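Note that this is a predicted model, so its numbers are computed, not measured. Note: hydrogens, waters and symmetry copies are ignored here, and every other heavy atom, side chains too, is used.
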Amino acid sequence: MTDHHDPVSDAVSAVATADAARERRNFLKRGAAGLAAAAAAATTARAADPIGGDFPEWSTKIGTPLRGYGQPSRFEAPVQRYVQKAFGDLAPGTGGARAPIERLEGVITPNGLHFDRSHNGAPDIDPAKHQLLIHGLVKKPLSFSIADLLRYPMVSRMHFIECSGNSGLNLAPQPPQLPAGVMHGLVSCADWTGIPLALLLDEAGVEPAGKWLLAEGADSAAMSRSIPLGKCYDDAIVALYQNGERLRPEQGYPVRLLLPGWEGNMNVKWLRRLKVTAGPTHTKDETSRYTDPQPDGRARQFTFEMGAKSVILRPSSTMSMQGAGLYEISGIAWSGGGRIARVEISTDSGATWKDAVLQGQAMPKSLVRFRLPWEWNGQATALQSRATDEKGNTQPSRAAFRAEFAPDIRFHNNSIVSWAVNADGSVKNVYL
Ligand SMILES: Nc1nc2c(c(=O)[nH]1)N[C@H]1C(S)=C(S)[C@@H](COP(=O)(O)O)O[C@H]1N2
Ligand SMILES: [Mo]
C-alpha cells in the first residue's frame with residue numbers, strides 16, 4: 001500500500017513554498033526522537049482507523065480546484081431560506097425569505113441566508129449610476145455617488161434586523177407545526193459597516209425646523225419611512241458592507257439604512273433619498289402596515305424599538321429527540337432596547353426557570369447565543385425561554401401579549417415561544 005502520509009516525504013516535498021520551509025525548519029528541529037514519535041503516532045492513527053487502513057476516496061486525489069468565490073459544501077445544499085411569496089408568482093419579489101435559524105449556530109447569519117423581506121423584489125442597481133440624495137430642510141442639499149460614500153470614515157457594528165411581522169404566524173388560532181425558521185426566521189444578524197448617518201447630515205446642515213427624516217428606497221415599491229432625527233444622530237448607519245463584503249442585493253446593495261434595534265421595515269434598502277422634514281410623512285408603508293390594533297379600537301403607530309425576545313432553536317418544532325439523556329438547549333436572544341442581560345429557560349412548562357449561559361460578549365442590539373445543558377428524563381414536558389434586556393424589558397407570556405392587543409394583531413409579537421417535548425421524542429409548537 002502506498003504511504004500517503006509519510007511525514008518525511010511530506011516535509012521534503014513541502015520545501016517548495018516559503019511557508020512550508022518554515023514548517024520544515026520547525027519539523028527538523030524536533031530531531032530524530034521527534035521523527036520516531038511522529039512515525040509511531042501515524043501508525044497508531046492508522047491502526048485506529050475505523051475503515052481498516054483504506055483511505056476514503058477524497059483522501060486519495062486532488063481536491064476541488066481553487067476558485068474565486070467559495071460555496072458551502074454540496075452536502076449543506078438543503079440549508080436554504082424558507083421562501084414565502086405573498087402573492088405567488090403574480091408578484092415573485094413580494095414576501096419574505098426567512099432565515100433557517102434552527103440550522104445555524106453562533107450569532108452571525110451567513111450573507112446568503114440573511115432573511116430577505118422585500119415589497120417588490122431586489123432591484124439590480126449599477127453602483128456606478130446610483131446616487132443618494134440628502135435634501136429637504138437642510139442648508140446644502142447633497143448628492144453622493146457610491147464612490148463618494150466609500151471615501152467617508154466608517155464604523156463596523158454587529159446588529160440584528162427583525163421584521164415586525166416576525167412570529168406573526170404564532171398568532172394563528174392553532175399553533176403551526178413548522179420549523180422555527182418559518183415562524184421566527186424574519187430575524188438575522190450581521191457585522192454591518194458604513195458611515196454614521198450623523199456625519200452626512202452634519203455635512204448637509206440640518207435646519208432648526210428639521211425634526212424627522214423621510215428615507216426612500218430605489219426599488220419599484222419606493223418603500224419609504226419616517227424616522228425621528230434623534231435616532232439618525234444616535235446610532236444610524238448608512239451601510240455599505242455586510243459581514244465584510246459589500247451588501248447582498250437582497251439586503252439593499254449598494255447602500256441601505258441601518259437603524260439598530262428598530263423595526264426591520266425602517267431599515268430602508270437600496271437607499272436613494274433622505275429628506276429632512278418637520279414631521280412624519282405618514283407614507284403608505286407606515287400607515288397601511290406595522291400599526292398595532294388595541295382592544296379599545298385604537299391603533300398604535302410608530303412602534304419603533306423591537307421588544308426583548310428569544311427562541312430556543314435546538315431542540316425546536318418539527319425536530320425529534322433521540323431518547324432520554326443529556327442535551328444542550330441552544331437558541332438566540334435579542335432586544336432593540338440594548339444588550340440582553342439574561343435569558344431564563346424553563347424545562348417544566350414554565351413552573352421553574354434557570355439562567356442560561358450567554359455566550360461571548362452580549363452586544364447591544366445584536367443577537368446573543370444562549371445555552372443550557374438539560375438532562376431529559378424521557379417524559380413529556382415543554383421548553384420555554386424568556387429574555388430580559390439591560391433596561392429590564394422582558395418577554396411577555398403569549399396570554400399577556402394577546403390581552404394587550406386586539407385579536408387581529410399581526411405585528412411586534414415578542415411573546416414567549418413554547419416547544420412541547422413528547423414522550424416519543426417529537427417536538428411540537430404549543431401555546432402555553
Ligand atoms: N426599499 C426597501 N427597503 C426595505 C424593504 C423593501 O421592500 N424595500 N423591506 C423592509 C422590510 S419590511 C424589512 S423587515 C427589512 C428587511 O431587511 P432584509 O431584507 O435585509 O432582511 O427591509 C426593509 N427595507
Ligand atoms: Mo418587515
**Student:** Would you call Arg339 and Asp389 a salt bridge, using N to O less than 4.0 angstrom?
**Tutor:**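 Judged by the 4.0 Å cut-off on N to carboxylate O distance, Arg339 and Asp389 do not form a salt bridge.
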
**Student:** Pick from Lys269, Arg81, Lys85: which one makes a salt bridge (charged side-chain N to carboxylate O under 4.0 Å, His left out) with Asp116?
**Tutor:**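 Only one option passes, and that is Lys269.
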
**Student:** Taking the cut-offs as 6.0 angstrom to the six-membered ring centre and 45 degrees off its axis, would you call Arg256 and Trp270 a cation-pi pair?
**Tutor:** no

**Student:** Who are the ring pair (Phe, Tyr, Trp, His ring centres under 6.0 Å) partners of Trp192, not counting sequence neighbours?
**Tutor:** His114

**Student:** Can you tell if the side chain of Ile161 reaches within under 4.5 Å of the side chain of Val187, non-hydrogen atoms only?
**Tutor:** no

**Student:** Could you list the residues that satisfy side chain to side chain contact (heavy atoms under 4.5 Å, CB included) with Val430, not counting sequence neighbours?
**Tutor:**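 Listed in chain order: Ser418, Ala420, Leu432.
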
**Student:** Using ring pair (Phe, Tyr, Trp, His ring centres under 6.0 Å) as the criterion, list what pairs up with Tyr431, not counting sequence neighbours.
**Tutor:**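 For Tyr431, no residue satisfies ring pair (Phe, Tyr, Trp, His ring centres under 6.0 Å) once neighbours in sequence are set aside.
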
**Student:** Among pairs that include at least one residue of residues 393-409, which meet salt bridge (charged side-chain N to carboxylate O under 4.0 Å, His left out), considering only residues two or more places apart or in two chains?
**Tutor:**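 Found Arg300-Glu404.
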
**Student:** Quick one: which of Arg225, Arg289, Arg117 gives a salt bridge (charged side-chain N to carboxylate O under 4.0 Å, His left out) with Glu263?
**Tutor:**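 Checked Arg225, Arg289, Arg117 against Glu263; only one passes salt bridge (charged side-chain N to carboxylate O under 4.0 Å, His left out): Arg225.
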
**Student:** Report the relative orientation of the aromatic rings in Tyr327 and Trp374; use parallel for angles under 30°, tilted for 30 to 60°, perpendicular for over 60°.
**Tutor:**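 Rings of Tyr327 and Trp374: tilted, as their planes differ by 30° to 60°.
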
**Student:** When the side chains of residues 135-143 are checked against the rest of the protein, which donor-acceptor pairs come out under 3.5 Å, sequence neighbours left out?
**Tutor:**
from: His135; atom 1: NE2; to: Arg273; atom 2: NH1; distance (Å): 3.1
from: Ser143; atom 1: OG; to: Gln131; atom 2: OE1; distance (Å): 2.6

**Student:** Heavy atoms only: give me the nearest Leu259-Asn267 pair and the separation to one decimal.
**Tutor:**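 Here Leu259 and Asn267 meet closest at N-OD1, 2.7 Å.
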
**Student:** Among pairs that include at least one residue of residues 277-296, which meet ring-ring contact (aromatic ring centres under 6.0 Å, His included), considering only residues two or more places apart or in two chains?
**Tutor:**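 Every pair satisfying ring-ring contact (aromatic ring centres under 6.0 Å, His included) with a residue in residues 277-296: His282-Phe302, Tyr290-Phe411.
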
